[in-house]
Number of protein chains: 2
Amino acid sequence: MQVKSESVNKKDQNRENILKIAREIFSKYGFKKTTLDDIASAVRKGKSSLYYYFKSKEDLFHAVIMKEVEILAYELEIVINRNTDPVDKLRDYILTKLATFRGLANFYHAIENDVTAVGFIEEIKIRYEQDEIRMIKRILIEGVRKNEFEIYDFNLAAIGITTAIKGLEMPLTAGTYGEVNLERTVDIILKIMCYGIMKR
Amino acid sequence: MQVKSESVNKKDQNRENILKIAREIFSKYGFKKTTLDDIASAVRKGKSSLYYYFKSKEDLFHAVIMKEVEILAYELEIVINRNTDPVDKLRDYILTKLATFRGLANFYHAIENDVTAVGFIEEIKIRYEQDEIRMIKRILIEGVRKNEFEIYDFNLAAIGITTAIKGLEMPLTAGTYGEVNLERTVDIILKIMCYGIMKR
DNA sequence: CGTCCTTTTGATTAAAATGTTCAAAACTGT
DNA sequence: ACAGTTTTGAACATTTTAATCAAAAGGACG
């Protein structure tokens with residue numbers, strides 16, 4: 001009998017490799033234009049071999065996106081745990097998320113409406129909204145503890161900021177390709193959020 | 001009766017527009033992955049409308065490539081007529097051609113062998129080889145006139161150099177994607193050619 | 001070698017996509 | 001209303017493509 005852990009390792013290794021290559025191809029051509037043959041021949045396997053690792057094209061795509069999201073989560077975790085000024089932290093958080101999202105958007109940068117892909121990404125957005133609010137809240141609480149922010153309702157504030165970030169993501173996932181200079185826009189929004197619009 | 005010249009203009013205008021957009025899409029996805037629907041919806045027309053302007057997908061692709069070649073020819077003409085040192089002119093000629101070719105290569109940067117596209121481009125290469133030899137010859141003759149080159153058989157020299165350029169194009173049209181630093185390679189080859197050629 | 005498990009594959013199929021044709025419609029200027 | 005131009009939707013034949021499956025190949029181990 002083969003040792004389970006070894007064979008699992010081998011399989012997982014193959015799976016990872018397929019994911020890595022599939023990621024490249026999906027990000028280049030989008031979900032619809034990428035065929036299983038493209039991926040299979042890129043990993044030098046028969047097309048049917050892919051079904052040993054993933055139960056469908058959608059499944060594979062889903063796995064690719066999920067991995068991307070994991071990476072994003074990991075990067076955000078790092079940003080959050082850095083010992084920086086709360087405002088900078090907020091800024092870094094937003095910029096990191098946007099950068100990764102710009103990449104994610106590639107996955108369905110197709111001309112036609114790639115319904116499946118859009119569906120996946122929308123689904124992910126919804127699923128992770130709660131996490132996002134929680135993270136933002138942590139930043140806000142830290143800001144108050146450091147005596148930099150003055151916030152009365154953390155939940156509302158976090159929801160507000162999360163919503164603002166969603167607004168920033170829009171031009172990425174929608175078709176607005178004209179370089180909007182995101183960094184500048186982020187700074188402007190940050191300024192508004194930090195100093196408020198009221199004269200004092 | 002409508003005035004012929006007007007209607008022709010309108011049609012040509014539309015044709016040009018289709019070509020422009022088709023160029024973008026072909027260069028992004030390659031010949032095979034680009035569908036007529038992609039192009040049609042990008043120009044906001046029905047798919048069948050395209051057949052009013054081009055008799056087939058191949059025909060359209062062909063037209064796109066031809067336009068690209070025209071542009072290349074135009075740019076090369078400019079380089080050749082610039083009043084520069086013959087060696088620089090040779091260098092500029094090669095670099096200009098390679099730059100455009102790098103773009104051309106995009107048109108069939110597909111994973112699979114895009115036989116049709118490859119065929120077209122090979123055909124063009126062959127057709128324009130004679131022109132190329134002629135242009136190179138002009139540069140060489142000018143170089144001798146300016147007392148910088150010392151060449152006894154212009155034809156042979158031009159053919160040799162053209163062949164060398166072909167060698168430089170190979171990594172572009174073949175699958176060699178690993179950045180080969182073309183500019184450096186060009187300089188090296190130029191150096192070899194020059195010190196074999198230059199009067200001393 | 002034979003056994004058991006893992007992994008790969010070619011053949012097959014059903015469904016969807018795609019290039020192409022064509023006759024009819026829409027549009028345009030006179 | 002007319003004539004020429006341009007657009008289009010429906011229809012079709014052909015390929016492509018995702019998915020399935022049973023069989024084969026590979027590999028560890030007694």
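Any value given below was found using the heavy atoms of this structure, including those in side chains, with hydrogens, waters and symmetry copies removed. This is a predicted model, so every value here is computed, not measured.
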Novice: Between atom NZ in A:Lys33 and atom C1' in D:dA18, what is the gap in whole Å?
Specialist: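 Taking NZ of A:Lys33 and C1' of D:dA18, I get 17 Å after rounding.
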
Novice: To the nearest Å, how far apart are A:Lys32 NZ and C:dA17 C1'?
Specialist: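 Answer to the nearest Å: 8 Å.
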
Novice: Between C:dA17, C:dT7, C:dT9, spot the one nearest the side chain of A:Lys45, thanks.
Specialist: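 Closest of the options to the side chain of A:Lys45: C:dT9.
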
Novice: Start at the 5' end of DNA chain D and walk down; is the nucleotide closest to B:Ser48 or to A:Lys55 reached first?
Specialist: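 Here B:Ser48 is the residue nearer the 5' end.
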
Novice: For the pair made of CG in A:Asn17 and C1' in C:dT7, what is the distance, rounded to whole Å?
Specialist: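 Roughly 15 Å, once rounded to whole Å.
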
Novice: Figure out the CG/P separation between B:Leu50 and D:dT8, and round it to whole Å.
Specialist: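 Atom-to-atom, B:Leu50 to D:dT8, this comes out as 10 Å.
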
Novice: Could you give the CZ-to-P distance, from A:Arg44 to C:dT9, as a whole number of Å?
Specialist: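 So the CZ-P distance, A:Arg44 to C:dT9, works out to 12 Å.
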
Novice: For C:dT8, does either OP1 or OP2 sit under 4.0 Å from a side-chain N or O belonging to A:Tyr52?
Specialist: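 No.
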
Novice: Classify the side-chain pair B:Glu132/B:Tyr93 by whether it contains a donor and acceptor separated by less than 3.5 Å.
Specialist: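 B:Glu132 vs B:Tyr93: donor-acceptor pair found between side chains.
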
Novice: Quick one: do the B:Asn14 and B:Tyr53 side chains pair a donor with an acceptor below 3.5 Å?
Specialist: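 Yes, because at least one side-chain N or O of B:Asn14 sits under 3.5 Å from a partner of the opposite role on B:Tyr53.
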
Novice: Taking any heavy-atom pair under 4.0 Å as a contact, classify B:Tyr53: base, sugar-phosphate, or nothing.
Specialist: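 Sugar-phosphate, backbone atoms only, no base.
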
Novice: Report yes if at least one side-chain N or O of B:Tyr51 is closer than 4.0 Å to OP1 or OP2 of C:dT20; otherwise report no.
Specialist: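 Answer is yes, contact under 4.0 Å.
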
Novice: In this structure, how many angstroms lie between the P atom of C:dT7 and the NZ atom of A:Lys10, rounded?
Specialist: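 It works out to 7 Å between those atoms.
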
Novice: Between B:Arg134 and B:Asp131, does at least one N-O distance fall below 4.0 Å, as a salt bridge requires?
Specialist: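 Judged by the 4.0 Å cut-off on N to carboxylate O distance, B:Arg134 and B:Asp131 do form a salt bridge.
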
Novice: Any side-chain N or O of A:Asn14 under 4.0 Å from OP1/OP2 of C:dT8?
Specialist: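 Result: yes.
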
Novice: Report yes or no: is there a donor-acceptor pair, N or O only, under 3.5 Å between the side chain of B:Ser56 and the base of C:dG19?
Specialist: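 No such pair is found, so the answer is no.
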
Novice: Just how far, in rounded Å, is P of C:dG19 from NZ of B:Lys57?
Specialist: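 Computing the B:Lys57:NZ to C:dG19:P distance gives 4 Å.
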
Novice: Of all the choices, D:dT20, D:dT17, D:dA19, which nucleotide is nearest to the side chain of A:Leu36 once you look at every atom?
Specialist: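 Side chain of A:Leu36 sits closest to D:dA19.
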
Novice: Tell me whether the NZ or CZ atom of A:Lys45 lies within the 45° cone about the ring axis of A:Tyr52 and under 6.0 Å from its centre.
Specialist: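 Judged by the rule, A:Lys45 and A:Tyr52 form no cation-pi pair.
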
Novice: Report the distance from atom CG of B:Asp37 to atom C1' of D:dT8, rounded to the nearest whole Å.
Specialist: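 B:Asp37 atom CG is separated from D:dT8 atom C1' by 13 Å.
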
Novice: Please verify the inter-ring angle class for A:Tyr29 with B:Tyr29; under 30° counts as parallel, over 60° as perpendicular, anything in between as tilted.
Specialist: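 Aromatic pair A:Tyr29/B:Tyr29 classed tilted.
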
Novice: Check whether the side chain of B:Lys47 and the base of C:dG19 form a donor-acceptor pair under 3.5 Å.
Specialist: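 Yes.
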
